[in-house]
Protein chains: 2
Amino acid sequence: MYAPERQQEILRLARDSGRVDVVSLAEEFQVTAETIRRDLKALDRAGLLRRVHGGAIPAGRLDFEPGLAERESTAADEKDRIAKAALAELPAEGTLILDAGSTVARMAAAIPPESSLTVVTHSLPIAARLADHPGIQLHLVGGRVRHRTHAAVDAWALRAYGEIRADVAVLAANGFSVEHGLTTPDLAEAAVKRAALTAARRVVLLADSSKYAQEHFARFGALDDVDLLITDNGLTPEDAGDLERAGTEVVRA
Amino acid sequence: MYAPERQQEILRLARDSGRVDVVSLAEEFQVTAETIRRDLKALDRAGLLRRVHGGAIPAGRLDFEPGLAERESTAADEKDRIAKAALAELPAEGTLILDAGSTVARMAAAIPPESSLTVVTHSLPIAARLADHPGIQLHLVGGRVRHRTHAAVDAWALRAYGEIRADVAVLAANGFSVEHGLTTPDLAEAAVKRAALTAARRVVLLADSSKYAQEHFARFGALDDVDLLITDNGLTPEDAGDLERAGTEVVRA
DNA sequence: CGTGCCGATGCCCGTTCATGCCTGATTGTG
DNA sequence: CACAATCAGGCATGAACGGGCATCGGCACG
């Protein structure tokens, strides 16, 4: 097995499980720990992994708190299905706004190489993922970067979204319901989401069913601002019916 | 069997099995390893295969950024020393502008955790690296993202730098000399560098000695715009003297 | 039919690369 | 505060590499 293959595999493992450790990798690949360390160092320098004592964690995580691995793995299946279903809703070409969020990030990572899109995002991990994509013209929205979500917020971000007009915005929300609309815990982030929502002709919301009927501190839109909701089949058909009556098309992936 | 036929077949084998190795191919086609290496090199240059030590892997199977990885390995030692020396020039607290560039990125990665800085950057890799640094308030400069350098450029970036004032800017250049000043191959990038330079009270340039006396297409400043140049000892003391007489302090790490 | 050119191939040899091993320093944990 | 795990750097080794040169074989042209 060649070094780059091994590194690629390490990267995959890291992204899948949220972290890797030197000793298990050495055993797994039948090489010494030194070699693994060299691999991790290379991946670290390339910015794909973050080296920590004893192992490494994937770079560009939405947050790196201990709770993350668990949160990531929670509903991972649903998120993947949602991301895949969302891909089908993307135009083959045109302009796209991508909100910050792990499901949106998964979708972004799966955009096929032959696409020809203009993408605007204020999410650092998504931008990092798409910067190499040959078919994508990427525009980064600046601003203060929130540690927790790695998303740009505040004046620069708001102004940037105020100056553009996109075909589709793919948004994420921490909570959604007919009564309380779209909510998220942070005010600054909500303001940016609202600006992104306003800048697009068509709004697609990606949210797994655990977000349904949740409400958080900051509201950034009403449900009927959303043209299409993509969620998983944890949402009951009755709830989906309620949402559709409120004017939002619902896809249960 | 003619060379193009053989290469075609090598490509097919590589795509089928995910990898090929020099020795087996040599045996398979009854030619020497040198010939296979030449074939692989040709396919690599054509972008169809990715060459690795001992063999090759079909292109697209790895998602490394070859350009970035390659630049990382060039003059890695010098760059590390320069980056380390540059750290000593950073204020303990205050506002910092970080330009795009591998040496600057290394410096950024080495900023101690106990620092308390406000950092502004238009470089995506650097931002990704600093986004979860607890002591750093990070501000991202938006704009169109260039594939080659992963840096934001154009109107949004220029305006953002026009609106701020920082204590120190850490810049990179592809070429520097007393006569031709600071140059880089891309016009858009040069404009952003100039804006960053203008926005800072003190300008530190990181450039290894191979950049000395180089000149590239786009000029973004004169040498005396630079307060401090940090380079390696590949720069002769005489050349350093010339630079100092031109008004720039020189550190040879 | 001969001849000279040129690309492809093979061979040689100094250099680089990937890996493993060792040692001393560093770090995290109990 | 001490112990065990982990890390970084230096060194050794065998495989792989790359450039220079010689050879071979086809092809065009006279």
Side-chain angles (χ1 to χ4, degrees), chain A residues 1-11 13-14 19-46 48-57 64-66 69, chain B residues 1-11 13-14 19-46 49-57 62 64 66 68-85 87 106-107 109-114 133-134 210 232 253:
Chain A
M1 171 171 264
Y2 304 125
E5 291 183 285
R6 196 177 47 236
Q7 290 167 10
Q8 182 71 17
E9 188 63 13
I10 290 174
L11 185 57
L13 285 171
R19 71 155 178 282
V20 287
D21 75 277
V22 174
V23 186
S24 335
L25 288 173
E27 201 168 301
E28 167 92 15
F29 292 111
Q30 289 290 301
V31 293
T32 57
E34 285 86 338
T35 302
I36 296 295
R37 285 202 201 94
R38 283 187 257 249
D39 289 337
L40 295 182
K41 190 194 273 186
L43 290 165
D44 181 55
R45 279 226 277 245
L48 284 71
L49 282 188
R50 178 68 51 92
R51 192 75 164 78
V52 297
H53 198 83
I57 57 177
F64 64 114
E65 302 166 35
Chain B
M1 169 171 268
Y2 298 116
E5 296 181 89
R6 193 178 49 238
Q7 290 171 11
Q8 195 62 28
E9 186 66 9
I10 289 174
L11 187 56
L13 283 171
R19 63 196 304 256
V20 287
D21 74 277
V22 174
V23 184
S24 328
L25 288 173
E27 203 168 298
E28 167 92 15
F29 292 110
Q30 288 293 301
V31 293
T32 56
E34 286 86 338
T35 302
I36 297 296
R37 285 202 201 96
R38 283 188 257 252
D39 289 336
L40 295 183
K41 192 195 275 184
L43 291 165
D44 183 49
R45 271 203 299 260
L49 283 189
R50 168 81 191 287
R51 192 73 165 83
V52 301
H53 201 85
I57 298 172
L62 297 176
F64 289 89
L68 199 88
E70 170 214 344
R71 255 174 297 158
E72 280 290 336
S73 62
T74 309
D77 269 10
E78 287 79 3
K79 288 179 180 197
D80 270 334
R81 286 205 307 280
I82 293 171
K84 198 159 175 210
L87 269 183
R106 280 173 191 232
M107 187 204 74
I111 294 177
E114 64 272 18
H133 192 299
S210 71
D232 57 84

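Chain A is the first sequence line, chain B the second, and so forth, proteins listed ahead of strands; every chain is numbered from 1. Only this structure's heavy atoms are used, side chains among them; waters, hydrogens and symmetry mates stay out.
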Give the rounded distance in Å between these two atoms: [atom1] of [X] and [atom2] of [N].
{"X": "B:K84", "N": "D:dA8", "atom1": "NZ", "atom2": "P", "answer": "13 Å"}
{"X": "B:D39", "N": "C:dG7", "atom1": "CG", "atom2": "P", "answer": "16 Å"}
{"X": "B:Q30", "N": "C:dT9", "atom1": "CD", "atom2": "P", "answer": "14 Å"}
{"X": "B:L25", "N": "D:dA16", "atom1": "CG", "atom2": "P", "answer": "12 Å"}
{"X": "A:D21", "N": "C:dG28", "atom1": "CG", "atom2": "C1'", "answer": "15 Å"}
{"X": "A:R51", "N": "C:dT26", "atom1": "CZ", "atom2": "P", "answer": "17 Å"}
{"X": "B:E5", "N": "C:dA8", "atom1": "CD", "atom2": "C1'", "answer": "14 Å"}
{"X": "B:E34", "N": "D:dT23", "atom1": "CD", "atom2": "C1'", "answer": "14 Å"}

Distance below 4.0 Å between B:K41 side-chain N/O and D:dG19 OP1 or OP2: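 Answer yes for this pair, as a side-chain N or O of B:K41 is under 4.0 Å from OP1 or OP2.
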
A:T35 vs C:dT19: side-chain N/O to OP1/OP2 distance below 4.0 Å: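 No, outside the criterion.
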
Among [options], which is the nearest nucleotide to the side chain of [X]?
{"X": "B:T32", "options": "C:dG10, C:dA8, C:dC12", "result": "C:dG10"}
{"X": "A:R37", "options": "D:dC17, C:dG10, D:dA8", "result": "D:dA8"}
{"X": "B:R38", "options": "C:dA8, D:dG20, D:dA16", "result": "D:dG20"}
{"X": "B:R6", "options": "C:dT9, C:dT19, C:dG28", "result": "C:dT9"}
{"X": "A:H53", "options": "C:dT19, D:dT6, D:dC17", "result": "D:dT6"}
{"X": "B:V31", "options": "D:dA16, C:dG20, C:dG10", "result": "C:dG10"}

CA sep, side-chain torsions, deciding dist, call: B:L49, B:I10, side-chain contact (heavy atoms from CB on, under 4.5 Å): CA-CA 10 Å; B:L49 283 189; B:I10 289 174; 4.3 Å; yes

Position toward the 5' end of DNA chain D (nearest nucleotide), B:V23 or A:G55: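 The residue closer to the strand's 5' end, by nearest nucleotide, is A:G55.
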
Partner of B:V22 under side-chain contact (heavy atoms from CB on, under 4.5 Å), chosen from B:E27, B:H53, B:E34, B:R51: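 Answer to the side-chain contact (heavy atoms from CB on, under 4.5 Å) test with B:V22 among B:E27, B:H53, B:E34, B:R51: B:R51.
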
B:D39 side, atom CG; B:Q7 side, atom CD - distance, nearest 0.5 Å: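 One gets 4.0 Å once the value is rounded to the nearest 0.5 Å.
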
Approximate separation, where rounding is to 0.5 Å, of A:L13 CG and A:R6 CZ: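 It comes to 12.5 Å.
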
Short side-chain to backbone donor-acceptor contact, B:H133 and B:A109, under 3.5 Å: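 It does not hold such a pair.
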
